[in-house]
Amino acid sequence: MSTDSAAVPTPSAASAASPGADGQKPEPRDFIRQIIRDDLASGRHHAIRTRFPPEPNGYLHIGHAKAICLNFGIAGEFAGWCNLRLDDTNPGKEDPEFVEGIKDDVRWLGYDWHDLRHASDYFEVFYDAARKLIRDGHAYVDDLSADEVRAYRGTLTEPGRNSPFRDRSVEENLELFRRMREGEFADGSKTLRAKIDMASGNMNMRDPTIYRIRKIAHQNTGEAWPIYPMYDYAHCLSDALEGITHSLCTLEFEDHRPLYDWFVDKIDLPAHPELWQHLREGGFRTEPAKPRQIEFSRLNLSYSITSKRKLAQLVNERLVDGWDDPRMNTLRGLRRRGFTPGGIRLLIERLGISKQNSVIDYAIFENCVREDLDGSAPRRLAVLDPLKLVITNLADDHQETLSFPNHPKDESFGQREVPFARELWIEREDFAEVPPKGFHRLKPDGEVRLRGVGIVKCEALVKDAAGQVTELHCTLDLDSRAGMPGAERKVKGTIHWVSARHAVAAEVRLYDRLFNVPAPDDDSDGKSWLEHINPEAKRVVRGWLEPAAAAAAPEQRYQFERLGYFVADRVDHRAEAPVFNRTVTLRDTWAKQAG
RNA sequence: UGGGAGAUCGUCUAACGGUAGGACAACGGACUCUGACUCCGUUUAUCUAGGUUCGAAUCCUAGUCUCCCAGCCA
């Protein structure tokens with residue numbers, strides 16, 4: 001982009017790339033995008049570079065989706081790029097399994113990275129930069145133990161005290177740090193610390209640790225390093241090395257920003273190519289710049305937890321069936337549950353970006369998914385709680401094939417054949433011997449439309465010894481069949497069905513919210529989050545599917561008419577033994593009205 | 001007198017000294033061979049108190065409330 005076009009605030013190349021330009025969707029106007037537009041307009045930046053930097057110590061969850069959509073989304077809108085960077089500075093907690101999972105999840109959400117990087121790619125740079133810090137008198141090797149460091153740090157309201165090792169000579173520090181790197185000292189016996197201000201009101205500035213000794217194999221660098229850099233040091237330098245212009249992170253890093261800037265400025269990578277030249281020679285695209293950290297509020301969802309520790313606990317204590325359990329709000333769990341990338345992106349788009357702490361109602365998320373699925377999911381018929389309905393005015397061996405549109409509003413979905421016969425399964429809930437007020441479904445002597453068939457009248461009930469209705473005997477109004485003059489006749493209700501003889505039995509897993517209170521993390525009532533787990537979050541039933549539903553490929557999503565959106569389980573489903581997961585029910589104003 | 005941040009409909013979010021707008025939710029209606037979808041309509045908000053100004057969500061002053069920070073985690 002030329003400086004001239006960058007100086008024009010609105011119809012620059014940047015905003016032309018965004019959806020608002022052709023008047024389709026309003027352009028996102030959050031404060032971060034405003035900053036970016038200003039930076040482009042003022043010529044401060046000519047291209048936008050972002051990064052998504054997860055630590056590979058667990059699977060991604062819905063909260064990460066916000067950061068992913070923001071970082072990759074902005075890169076896309078402003079014709080920039082976004083790196084995927086694994087923040088792997090703490091070996092022992094991190095695992096290559098999670099790296100693969102993260103890559104998978106990001107792609108599934110619909111994004112692609114410019115470069116895949118690891119913080120560990122830069123360990124050599126970090127080490128050399130730390131030596132520069134020492135030489136410049138900005139860092140020292142400390143012999144204090146972890147407990148002592150804590151004691152010296154002071155409290156939120158009292159200043160800390162200088163470590164007795166704070167004034168070691170540059171030569172001594174350099175030598176000690178070299179020996180740390182050589183592995184001469186035991187874990188925890190020494191650290192490298194930044195020399196800043198032990199009296200700072202910002203705890204992060206009280207001589208923060210830069211390196212700690214940890215003799216553990218690293219998932220990427222193996223045994224090469226006995227010392228590992230801390231987040232505050234590694235993260236900002238990684239950003240600088242990658243030429244990240246806007247380093248977007250969540251609110252809790254707000255008071256790390258002075259430290260972020262301190263390291264970036266003290267080390268000044270752009271002015272010291274000797275520190276990173278070898279990266280280029282090693283094949284890494286490297287163009288260091290001064291990054292700017294901007295914080296936004298994280299996504300909180302009601303009826304959910306988004307703590308990695310707790311998610312891991314659910315898995316480890318077998319409270320769920322794994323990281324991809326459909327009850328989990330991990331991206332893998334949501335995927336298996338049948339949530340769509342489009343639905344997730346829609347949610348993030350609707351939330352907007354700000355610095356206010358907020359909690360999004362889970363219902364909003366469900367509605368985003370419904371909205372996406374309504375347009376994209378073919379329709380099928382299925383009965384989950386069967387009640388037999390016999391059409392007495394059809395011959396015993398009556399059998400025909402009906403043609404159904406796969407989507408009510410989109411002919412491009414085509415048609416399918418649905419077998420119809422004398423005996424059907426209907427939903428038990430669609431019949432009431434004593435109907436409540438406003439009931440539009442089947443009742444004794446009442447009429448209802450069988451979806452795609454015609455109008456049926458309930459003539460008789462069959463009950464078992466306990467008085468339970470086991471069978472409905474109905475007559476079909478032949479004149480109301482498709483193509484007949486009475487086909488347009490109106491009745492209040494339409495219900496779904498499957499042919500008993502042709503239906504395929506399926507395992508159907510009915511999922512609901514994992515927690516039964518809006519804020520499971522809130523322990524002010526004296527209850528732990530574990531006590532709020534909803535035991536009804538997973539119910540398994542046997543249902544009956546029309547044959548065309550059973551034949552689905554794994555991960556095929558359908559709307560089972562009048563029931564909800566379902567997905568063929570990507571792990572367990574087979575055409576001969578179908579397994580479907582309920583993603584979300586349809587909106588049900590009748591259930592709401594009926595209580 | 002520790003530091004940092006934030007308070008706008010029920011929920012998110014916009015406004016950049018000039019009509020408090022949008023989305024979602026809720027409610028009402030229309031439509032309907034899915035009580036879905038869609039369409040139309042309605043209700044509801046500037047944390048408090050002062051001040052500056054012709055005019056304040058926005059600027060100033062003083063409060064109130066909420067969140068984050070004392071890892072050799074990220």
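What you see below is based on every heavy atom in this structure, not just the backbone, and it leaves out hydrogens, waters and symmetry mates. A note on names: the letters A, B, ... follow the listed sequences, proteins ahead of strands, and every chain is numbered from 1.
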*Asks:* Quick check: on RNA chain B, is the nucleotide nearest A:Phe560 upstream (toward 5') of the one nearest A:Pro229, or the reverse? Name the residue that is more 5'.
*Replies:*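 Per heavy-atom nearest nucleotide, the more 5' residue is A:Phe560.
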*Asks:* Donor-acceptor pair under 3.5 Å: do we get one between A:Arg350's side chain and the base of B:rU13?
*Replies:*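 In this structure, the two groups form no donor-acceptor pair.
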*Asks:* Taking only N/O atoms, report every protein-nucleotides 57-59 of chain B pair under 3.5 Å with atom names and distance.
*Replies:*
none

*Asks:* Counting any heavy atom closer than 4.0 Å, what does A:Leu251 reach on the DNA or RNA strands: base, sugar-phosphate only, or nothing?
*Replies:* nothing
*Asks:* Taking 4.0 Å as the cut-off, does a side-chain nitrogen or oxygen of A:Gln356 come that near to OP1 or OP2 on B:rG6?
*Replies:* no
*Asks:* Do A:Tyr565 and A:Leu586 make a side-chain contact, defined as non-hydrogen atoms from C-beta onward lying under 4.5 Å apart?
*Replies:*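 A:Tyr565 vs A:Leu586: side chains touch.
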*Asks:* A:Ser354 near the nucleic acid: base, sugar-phosphate alone, or nothing, with a heavy-atom cut-off under 4.0 Å?
*Replies:*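 The residue A:Ser354 makes sugar-phosphate contact but no base contact.
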*Asks:* Mind listing the residues from residues 50-70 of chain A sitting with a heavy atom below 4.0 Å of RNA chain B? Number order is fine.
*Replies:* A:Glu55
*Asks:* Could you check whether A:Arg214 makes a cation-pi contact with A:Tyr228, meaning its NZ or CZ is under 6.0 Å from the centre of the six-membered ring and within 45° of the ring axis?
*Replies:*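 Judged by the rule, A:Arg214 and A:Tyr228 form no cation-pi pair.
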*Asks:* For B:rA15 and A:Gln34 - does any side-chain N or O of the residue sit under 4.0 Å from the phosphate oxygens OP1/OP2?
*Replies:* yes
*Asks:* Report yes if at least one side-chain N or O of A:Arg29 is closer than 4.0 Å to OP1 or OP2 of B:rC16; otherwise report no.
*Replies:*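 No, A:Arg29 has no side-chain N/O under 4.0 Å of OP1/OP2 on B:rC16.
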*Asks:* List for me each residue that meets side-chain hydrogen bond (donor to acceptor under 3.5 Å, both in side chains) alongside A:His138, sequence neighbours excluded, and say none if there are none.
*Replies:*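 By the side-chain hydrogen bond (donor to acceptor under 3.5 Å, both in side chains) rule, A:His138 matches no residue at all.
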*Asks:* Would you say B:rA25 has OP1 or OP2 under 4.0 Å from some side-chain N or O of A:Asn367?
*Replies:*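 Answer yes for this pair, as a side-chain N or O of A:Asn367 is under 4.0 Å from OP1 or OP2.
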*Asks:* Checking contacts here: which listed nucleotide (B:rC73, B:rU34, B:rA74) is nearest the side-chain heavy atoms of A:Tyr231?
*Replies:*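 So the nucleotide nearest the side chain must be B:rA74.
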*Asks:* Considering just the side-chain nitrogens and oxygens of A:Thr589, establish if one lies under 4.0 Å of OP1 or OP2 belonging to B:rA36.
*Replies:*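 For A:Thr589, the contact criterion (side-chain N or O under 4.0 Å from OP1 or OP2 of B:rA36) is met.
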*Asks:* List the steps, then state whether side chain to side chain contact (heavy atoms under 4.5 Å, CB included) holds for A:Phe515 with A:Tyr362.
*Replies:* CA-CA 11 Å; A:Phe515 295 95; A:Tyr362 195 82; over 6 Å; no
*Asks:* Which nucleotide sits closest to the side chain of A:Lys93: B:rC24, B:rC73, B:rA74?
*Replies:* B:rC73
*Asks:* Report the nucleotide, chosen from B:rA26, B:rC72, B:rU34, that has the shortest atom-to-atom distance to any side-chain atom of A:Arg153.
*Replies:*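 Given the options B:rA26, B:rC72, B:rU34, the side chain of A:Arg153 is closest to B:rC72.
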*Asks:* Ignoring the backbone of A:Leu586, work out which of B:rU34, B:rC72, B:rA5 is nearest its side chain.
*Replies:* B:rU34
*Asks:* Let's see if you can work this out: which of B:rC72, B:rU34, B:rA70 has an atom nearest to the side-chain heavy atoms of A:Thr494?
*Replies:*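 Taking heavy atoms from C-beta onward, the closest nucleotide is B:rU34.
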*Asks:* With a 4.5 Å heavy-atom cut-off, do A:Asp142 and A:Asp207 have their side chains touching?
*Replies:* no
*Asks:* Is B:rG71 in the syn range, within 90° of 0, or in the anti range?
*Replies:*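 Nucleotide B:rG71 adopts syn.
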*Asks:* Students often get this wrong, so: under 4.0 angstrom with heavy atoms, is A:Glu371 touching a base, only sugar-phosphate, or nothing?
*Replies:*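 No contact.
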*Asks:* Can you tell me which residue pairs pass the salt bridge (Lys or Arg N to Asp or Glu O under 4.0 Å) test with a partner in residues 474-483 of chain A, sequence neighbours excluded?
*Replies:* A:Glu400-A:Arg481, A:Asp477-A:Arg489
*Asks:* A:Tyr260 and A:Phe253: aromatic ring centres closer than 6.0 Å?
*Replies:* no
*Asks:* Answer yes or no for A:Arg161 and A:Tyr152: cation-pi contact, defined as NZ/CZ to six-membered ring centre under 6.0 Å and angle to ring axis within 45°.
*Replies:*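 That pair qualifies as a cation-pi contact.
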*Asks:* Scan A:His496 against the nucleic acid and name what it touches under 4.0 Å (heavy atoms): base, sugar-phosphate only, or nothing.
*Replies:*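 No contact at all - A:His496 keeps every heavy atom at 4.0 Å or more from the nucleic acid.
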*Asks:* Any base atoms under 4.0 Å from A:Ser145, or only sugar-phosphate, or nothing? Heavy atoms, all strands.
*Replies:* base
*Asks:* Does the distance from a Lys or Arg side-chain N to an Asp or Glu carboxylate O, for A:Asp88 and A:Lys93, drop under 4.0 Å?
*Replies:*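 A:Lys93 and A:Asp88: not salt-bridged.
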*Asks:* Can you list every stem that RNA chain B is part of, counting only runs of 3 or more consecutive Watson-Crick or G-U wobble pairs with both distances under 3.5 Å?
*Replies:* B:2-7 with B:64-69, B:10-13 with B:21-24, B:26-30 with B:38-42, B:47-51 with B:59-63
*Asks:* Applying the 5.5 Å / 30° rule, does A:His440 stack onto the base of B:rG35?
*Replies:* yes
*Asks:* Do the numbers put A:Arg181 on top of the ring of A:Tyr127, so that NZ or CZ is under 6.0 Å from the six-membered ring centre and no more than 45° off the axis?
*Replies:* yes
*Asks:* Using a 4.0 Å heavy-atom cut-off, does A:Lys308 contact any base of the nucleic acid, only the sugar-phosphate backbone, or nothing at all?
*Replies:*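 No contact.
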*Asks:* Considering only side-chain heavy atoms of A:Phe253, which listed nucleotide, B:rA74, B:rA26, B:rU34, is closest?
*Replies:* B:rA74
*Asks:* Contacts to RNA chain B from residues 187-199 of chain A, heavy-atom cutoff under 4.0 Å, which residues?
*Replies:*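 Heavy-atom cutoff 4.0 Å gives A:Gly188, A:Thr191.
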*Asks:* Nearest to the side chain of A:Pro408 - B:rC69, B:rG4, B:rA36?
*Replies:* B:rA36
*Asks:* From the list B:rG35, B:rA74, B:rU13, which nucleotide is the closest neighbour of the side chain of A:Asp87?
*Replies:* B:rA74
*Asks:* Does A:Val453 or A:Asp232 map to a spot on RNA chain B nearer the 5' end, using the closest nucleotide for each?
*Replies:* A:Val453
*Asks:* Between B:rC12, B:rU34, B:rA70, which one does the side chain of A:Ser358 approach most closely?
*Replies:* B:rC12
*Asks:* Side chains of A:Phe431 and A:Arg441: closer than 4.5 Å at any heavy-atom pair?
*Replies:* no
*Asks:* Checking only heavy atoms, does the side chain of A:Asp255 share a donor-acceptor pair with the base of B:rG3 at less than 3.5 Å?
*Replies:*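 Indeed, a donor on one side and an acceptor on the other fall under 3.5 Å apart.
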